[in-house]
Participant: 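Following this message is one structure expressed as structure tokens.
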Amino acid sequence: MIIKENGFDIVGPAWSFSATPAREFYVGAGLDEWDHERGDSAVLQDMAELDRAINLRVGGAWKLANGTISADLAQDVAAHEGAQAKLRYTHHPDTPLNLRPYAELQWLSADLTDYYVGVDAAEAKADRPAYQADDSLALKVGVKMEKPLSRRLTLVGSVSANSYGSAIADSPIIDSSTVWGGYAGAAYRW
């Protein structure tokens, strides 16, 4: 669970059904990473409310000499019934701050993209034409940091940039094709 500015982000439970020191496969459930809250934007307030997506997930991770490759496929069962797939490489250099740069390629189905960035005919206005989004690709790059302070307390942080394909970027409710993000905090292990 991660505490965010507007509440909690629950990654969700997962069950490893096959794990070795070199690889792991899992199934799980979790909430969609997309922002379903439109109330914090004056431009979007008159659009239909979005439900929170709940994804059933299956994936795996493989350890390499200097990193990890992971793949994840998720299917929503509550809101948009769309799917998404992710392929990520995380590099594990030996640094004092435990820096972990990563790159992730995402595929997002048309049902998912249209749910979040599409504009129905009933929502169209002079400055917001109707728009139906198609499936899209996205590229995410970033770096995570962990600095243990004690056996239980660790400083954590991350910066990232997510660049979306034209099916998302061309939507009249999207200002930029690149979204920057980051966080800083502390993790405590019981």
Side-chain angles (χ1 to χ4, degrees), residues 1-4 6-37 49-92 98-118 133-146 148 152 154 156-165 167-168 179 181-183 185-190:
M1 182 181 309
I2 299 170
I3 300 171
K4 297 172 73 176
N6 58 351
F8 292 98
D9 184 14
I10 303 170
V11 177
W15 173 68
S16 293
F17 61 85
S18 176
T20 70
R23 59 146 177 82
E24 178 178 6
F25 297 101
Y26 63 89
V27 294
L31 300 176
D32 220 339
E33 295 176 358
W34 288 75
D35 186 5
H36 71 288
E37 300 279 336
E49 299 246 346
L50 299 178
D51 294 324
R52 191 73 196 245
I54 300 172
N55 292 316
L56 297 181
R57 301 170 46 228
V58 61
W62 299 265
K63 289 184 182 177
L64 305 174
N66 290 323
T68 306
I69 291 179
S70 60
D72 187 274
L73 179 62
Q75 173 70 49
D76 173 57
V77 294
H80 51 72
E81 298 181 359
Q84 55 189 303
K86 299 176 182 180
L87 180 63
R88 175 184 280 211
Y89 172 73
T90 304
H91 188 61
H92 299 270
N98 198 10
L99 295 175
R100 302 214 173 177
Y102 64 88
E104 178 177 287
L105 180 63
Q106 303 172 340
W107 168 79
L108 309 162
S109 74
D111 289 334
L112 182 149
T113 58
D114 193 53
Y115 185 74
Y116 289 110
V117 304
D134 210 351
D135 63 332
S136 186
L137 293 175
L139 178 63
K140 185 174 187 176
V141 294
V143 62
K144 290 186 174 185
M145 180 274 300
E146 292 183 357
R152 296 184 183 262
T154 303
V156 295
S158 175
V159 293
S160 64
N162 206 340
S163 180
Y164 293 100
I168 294 172
V179 176
Y183 66 83
Y188 186 81
R189 291 175 180 85
W190 279 268

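Small disclaimer: the values here were computed from a predicted structure and weren't measured.
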Participant: What are the two closest non-hydrogen atoms of D32 and Q84, and how far apart are they?
Facilitator: OD1-NE2, 2.9 Å

Participant: Kindly write out the residues that satisfy side chain to side chain contact (heavy atoms under 4.5 Å, CB included) with D76, not counting sequence neighbours, or none if the list is empty.
Facilitator: A53, N55, A78, A79, H80

Participant: Which distance, rounded to the nearest 0.5 Å, do you find between the OG1 of T113 and the OH of Y164?
Facilitator: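 OH of Y164 is found 11.5 Å from OG1 of T113.
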
Participant: Measure from the side-chain N and O atoms of Y102 to the backbone N and O of T68, and report whether any donor-acceptor pair falls under 3.5 Å.
Facilitator: no

Participant: Over all heavy atoms of both residues, which pair between W34 and L108 is shortest? Give the atoms and the distance, please.
Facilitator: CZ2-CD1, 3.7 Å

Participant: Verify, without hydrogens or angle tests, whether S109 (side chain) and A83 (backbone) share a donor-acceptor contact under 3.5 angstrom.
Facilitator: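 Flag set: sc S109 to bb A83 pair under 3.5 Å.
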
Participant: Sequence neighbours left out, what passes side chain to side chain contact (heavy atoms under 4.5 Å, CB included) with I69? Give chain and number order.
Facilitator: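 Testing I69 for side chain to side chain contact (heavy atoms under 4.5 Å, CB included), a comparison that skips the adjacent residues, returns W62, L64, L87, Y89.
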
Participant: Under a 3.5 Å distance rule, please check whether R189 uses its side chain to pair with a backbone N or O of R152 as donor and acceptor.
Facilitator: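 Looks like no, no N/O pair under 3.5 Å.
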
Participant: Nearest 0.5 angstrom please: L31 CG to I54 CD1, how far?
Facilitator: 6.5 Å

Participant: The criterion is side chain to side chain donor-acceptor pair (under 3.5 Å); which residues satisfy it with D114, sequence neighbours excluded?
Facilitator: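 D114 satisfies side chain to side chain donor-acceptor pair (under 3.5 Å) with no other residue.
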
Participant: For residues 21-28, which side-chain donor-acceptor pairs fall under 3.5 Å, sequence neighbours excluded?
Facilitator:
| unit_1 | atom_1 | unit_2 | atom_2 | d |
| --- | --- | --- | --- | --- |
| R23 | NH1 | S18 | OG | 2.7 |
| E24 | OE2 | S16 | OG | 2.1 |
| Y26 | OH | R57 | NH2 | 3.4 |
| Y26 | OH | D72 | OD2 | 2.3 |

Participant: Mind checking side chain to side chain contact (heavy atoms under 4.5 Å, CB included) for P148 and listing every partner two or more places apart, or none if nothing turns up?
Facilitator: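 Result, side chain to side chain contact (heavy atoms under 4.5 Å, CB included) vs P148: T154.
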
Participant: Under the rule for side chain to side chain donor-acceptor pair (under 3.5 Å), what residues qualify as partners of K86, not counting sequence neighbours?
Facilitator: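 So K86 forms a side chain to side chain donor-acceptor pair (under 3.5 Å) with E33.
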
Participant: What residues form a salt bridge (charged side-chain N to carboxylate O under 4.0 Å, His left out) with R100, not counting sequence neighbours?
Facilitator: none

Participant: In chain order, what residues pass the side chain to side chain contact (heavy atoms under 4.5 Å, CB included) check against S70, with sequence neighbours excluded?
Facilitator: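 Per chain and number, S70 pairs via side chain to side chain contact (heavy atoms under 4.5 Å, CB included) with A61, R88.
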
Participant: Taking all non-hydrogen atoms of both residues, which atom of Q75 and which atom of G82 are closest, and how far apart?
Facilitator: NE2-O, 3.4 Å

Participant: Can you name the nearest heavy-atom pair linking V117 to A167, along with the distance?
Facilitator: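 Residues V117 and A167, closest heavy atoms: CG2-O, 4.3 Å.
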
Participant: Report the residues that fulfil side chain to side chain donor-acceptor pair (under 3.5 Å) with S136, sequence neighbours left out, ordered by chain and then residue number.
Facilitator: none

Participant: Please report the shortest heavy-atom distance between V143 and P101, naming the atom on each side.
Facilitator: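 Answer, listing the atom of V143 first, then P101: CG2-N, 3.8 Å.
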
Participant: When rounded to the nearest 0.5 angstrom, what is the spacing between NZ in K140 and CG in L105?
Facilitator: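 If we round to the nearest 0.5 Å, K140:NZ and L105:CG are 13.0 Å apart.
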
